[in-house]
Amino acid sequence: MTMSANLAPITELYVSYDSAQKLKVEAADLVSHDLSPRQICDLELLMNGGFYPLKGFLPEADYDGVVDNMRLADGTLWPMPITLDVSEAFAEKIEIDQDIALRDQEGVILATMTVTDKWVPNKALEAEKVFGADDDAHPAVNYLHNTAGNVYLGGPITGIQQPVHYDFRARRDTPNELRAFFRKMGWRKVVAFQTRNPLHRAHQELTFRAARESEANLLIHPVVGMTKPGDVDHFTRVRCYEAVLDKYPQSTTTMSLLPLAMRMAGPREAVWHGLIRKNHGVTHFIVGRDHAGPGKNSQGEDFYGPYDAQDLFREHEAEMGIEMVPFKHMVYVQERAQYEPNDEIADKDSVTILNISGTELRRRLQEGLEIPEWFSFPAVVKELRRTKPPRSNQGFTVFFTGFSGSGKSTIANALMVKLMEMGGRPVTLLDGDIVRKNLSSELGFSKEHRDLNIRRIGYVASEITKNGGIAICAPIAPYANTRRAVREDVEQFGAFVEVHVATSIEECERRDRKGLYRLAREGKIKEFTGISDPYDVPQNPELSVETENVDVDNCAHQVVLKLESMGLIAGH
Ligand code: PPS
C-alpha cells in the first residue's frame, strides 16, 4: 500500500464569523454546561475536524456501536467513545431536542449542542469493552467511575470558537492548518510520531529512520491535552522537543502540538490516534511497543500485550487509509557509537549494547546522577533537570498522623528545628492547633469538618512542596481516605512522607496532657477521636514511630534518617 495524502480541507463544525457572533448572543440564554478539562479537549478536536467524521458528542446508538465493536451506527470505524458526561442533577433539567451552551472553565461559550439523546451508560461494560477490564488501576476506568458524571448527553455540535490557549500558540495547528502547511511545502507523504514523553536520541533515530524508510517527511505530533497522570508536564516537554527539532536535517521535519485527551487505551487508542492523524493530513503513523499503554493492572500485570496495538492497527489499516510504520526498539552499540534496531544487530555477542530504561532515567534525574550523551541531548537533560531537580533540592511534605496527645506536635517541632539547622529549604509547620487557629477557625470535629480541615492542610502543603519548601503537617487526620487524597495532592509535586505516631490510645489517655480525654469520657466533648470517633490506623505509612520509652529527639532522628534514605536530604 502506498499512500499519498488527500490534502483538501476537512469538514469543521464551526459556523461562519457572522453566525458565530449572532449565535454567541443567542446562546447566552441557553442552559449552560461547564465543560471539564477533558471535555474541552474533546470538543476542540470535534470542532476542528480532528475527530472527523463525528458531528458531536456521540448519541446512544453510536455509543453502543463504538463500545461493542468500534463502529458508529452507520458502520464507520471509530474506536473511542467521545461522550458528554454530566451529573444526574444537570441531566434532569434537559429535555430531548433542547439546545444547550457549552462553556469553558471561565464561562466563555465555545459551542452549542442540540441534545438528541440522554441515557445512563453501563460504565462497567464500557470499561470492559473499551479498556479491557473494569479495573480502577486503569487511568481511564478510574476516570469513568470516579470523575465522569453518571448520565451521557449526545447530539450535534455547532462550533462558535476554539478553546483559548495562551501557551505555545505558534506550535498549535488545526487539521486544516497542517493540511495547508503540507500542501504549501509539497509534502505528499508524512509520517507522524505520537508522543507523551520527552524525546531522547533513540526516539530521534527511530523517527528519522521511519521517515527515511517510508520516503516521507516527519511530523512530531506530541499530545499536550491530557496524558497519563505523573507524566512530565507539557511545558517542559515542548521545551525539550524544541531542543531536539534542530537535530533533524533541515526542512525534513516539523512539530505540531495536539490538544488530545489521551485515554491510555492501548490497541483501541492506537487506531484512534491513526484516524486523528489521518484527519491531520498524515499518511503514515509510527506504532511502537505497548502504544499508549496504561501500565500495570491491580494484579500487577500488563493490561495489554506489547504488540496488541500493532495487531489491531494492522487489521484496520486499509480501511483507515493510513499506513502503520511499526516501531523498532533502538539500542546503542558502543563499538560503532550509533543506534541500531535491536533485532537487526547480527554480531550481538561481540559488541556492547547500552540502554537506559525509563525507570532508570527517572532514578538518575531524581538522584542528580549522570545521564550520558549517548542517551540524550544535553539540552534535553538540562530542561528536565530544571523542572525536576534532584530530590534533595525538591520540596516535600512530612505528614504526621496519630491520636490527640500522641506526641505529633512535639516530634514535628523537633523535626522542624533539625531541618532548619541543616538549612537549604524553607520549612513550614502546619500543626493541628496552628491550622485550626489560622486556616480552619470556623470548623468543628464532624467528619465533614475534619475532612475539610485536612484537605486545606493538604492544599497548603502541596503548594509549599511545589514551590520547593518543606511542609510538616501534624493533624490527627483520622480518615484513611482523606489522607490518601492529600497524598495524591502532594505527590504531583514532590514526596509525601506519612509518619504514624503510633502511641496507643491507652497511653494517650493516661498522659492526658490537655485534660481532654477526661472531658471526652465524661461526654463533655463529643466525637473525640479514639473515644467516641474512629481512627483508621495507617496501613502503609513511610514510617511508624513508637513514643513509649523513646525520647522525642530519637523519634525526630528516625524521621531524619527516613528522609535521608529517600534521598530527600543530601547525605554528608
Ligand atoms: S482533625 O481530626 O485532624 O481535623 O483534628 P486536628 O485538626 O488535628 O485537631 C485536633 C486537636 O483538637 C483538639 N480537639 C479534638 N481532637 C479530637 N476530637 C475532638 N472531638 C476534639 N475536640 C478538640 C485536640 O486538642 C487535638 O489536638 P492534638 O494536638 O491532636 O492533641
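Hydrogens, waters and symmetry mates are skipped; everything else that's a heavy atom, side chains included, is used. Both counts, for ligands and for their atoms, begin at 1 and track the order of listing.
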Undergrad: Decide whether the shortest distance between a heavy atom of His449 and an atom of ligand 1 is less than 4.0 Å.
TA: no

Undergrad: Checking a contact table here: which protein heavy atom is nearest atom 18 (N) of ligand 1, and how many Å away?
TA: Arg450 NH2, 3.2 Å

Undergrad: Classify the contact between Asp433 and ligand 1 as side chain, backbone, both or neither, using a heavy-atom distance cut-off of under 4.0 Å.
TA: side chain

Undergrad: Considering only NZ, NE, NH1 and NH2 on the basic side and carboxylate oxygens on the acidic side, decide whether Arg521 and Glu509 come within less than 4.0 Å.
TA: yes

Undergrad: Is the distance from the ring center of Phe403 to that of Tyr535 below 6.0 Å?
TA: yes

Undergrad: Of Phe445, Tyr535, Tyr479, which has the heavy atom at the shortest distance from atom 5 (O) of ligand 1?
TA: Phe445

Undergrad: How far apart are the closest heavy atoms of Val490 and Gly458, and which atoms are they?
TA: CG2-O, 4.2 Å

Undergrad: Is any side-chain heavy atom of Tyr152 closer than 4.5 Å to one of Glu60?
TA: no

Undergrad: Could you report the tightest heavy-atom contact between His200 and Ser376, atom names first, then the distance?
TA: ND1-OG, 2.7 Å

Undergrad: Does Asn467 reach the side chain of Phe493, with side-chain heavy atoms less than 4.5 Å apart?
TA: no

Undergrad: Do the charged groups of Asp451 and Arg455 touch, with an N to O distance under 4.0 Å?
TA: no

Undergrad: Below 4.0 Å from any atom of ligand 1, is there a heavy atom belonging to Lys408?
TA: yes

Undergrad: Between Ala477 and ligand 1, is there a nitrogen or oxygen pair with a distance under 3.5 Å?
TA: yes

Undergrad: I need the contact type for Ser440 against ligand 1. Using non-hydrogen atoms and a strict under-4.0 Å cut-off, is it side chain, backbone, both or neither?
TA: neither

Undergrad: Output yes when Lys466 and Glu463 qualify as a salt bridge under the 4.0 Å nitrogen-oxygen rule, no when they do not.
TA: yes

Undergrad: State the atoms of ligand 1, each with its element, that fall below the 4.0 Å cut-off from a heavy-atom position in Gly405.
TA: 31 (O)

Undergrad: Do me a favour and list the nearest non-hydrogen protein atom to atom 31 (O) of ligand 1 with residue, atom name and distance?
TA: Ser404 OG, 2.7 Å

Undergrad: Is the backbone N or O of Asp85 less than 3.5 Å from a side-chain atom of Gln39, with the two atoms forming a donor-acceptor pair by type?
TA: yes

Undergrad: Give a yes/no on ligand 1: does Leu516 have at least one heavy atom closer than 4.0 angstrom to it?
TA: yes

Undergrad: Under 4.0 Å from a heavy atom of Thr529: give me the atoms of ligand 1 that qualify, with their elements.
TA: 17 (C), 18 (N)

Undergrad: So, are Arg487 and Glu498 salt-bridged, with charged N and O less than 4.0 Å apart?
TA: yes

Undergrad: Under a 4.0 Å heavy-atom limit, does Asn453 contact ligand 1 with its side chain, its backbone, both, or neither?
TA: side chain

Undergrad: Please work out, at 4.0 Å between heavy atoms, whether the side chain, the backbone, both, or neither of Ile454 comes within that distance of ligand 1.
TA: side chain

Undergrad: Does the N or O separation between Ala474 and ligand 1 drop below 3.5 Å for any pair?
TA: no

Undergrad: Would you mind checking which non-hydrogen protein atom is closest to atom 16 (N) of ligand 1, with the distance to 0.1 Å?
TA: Ile476 CD1, 3.5 Å

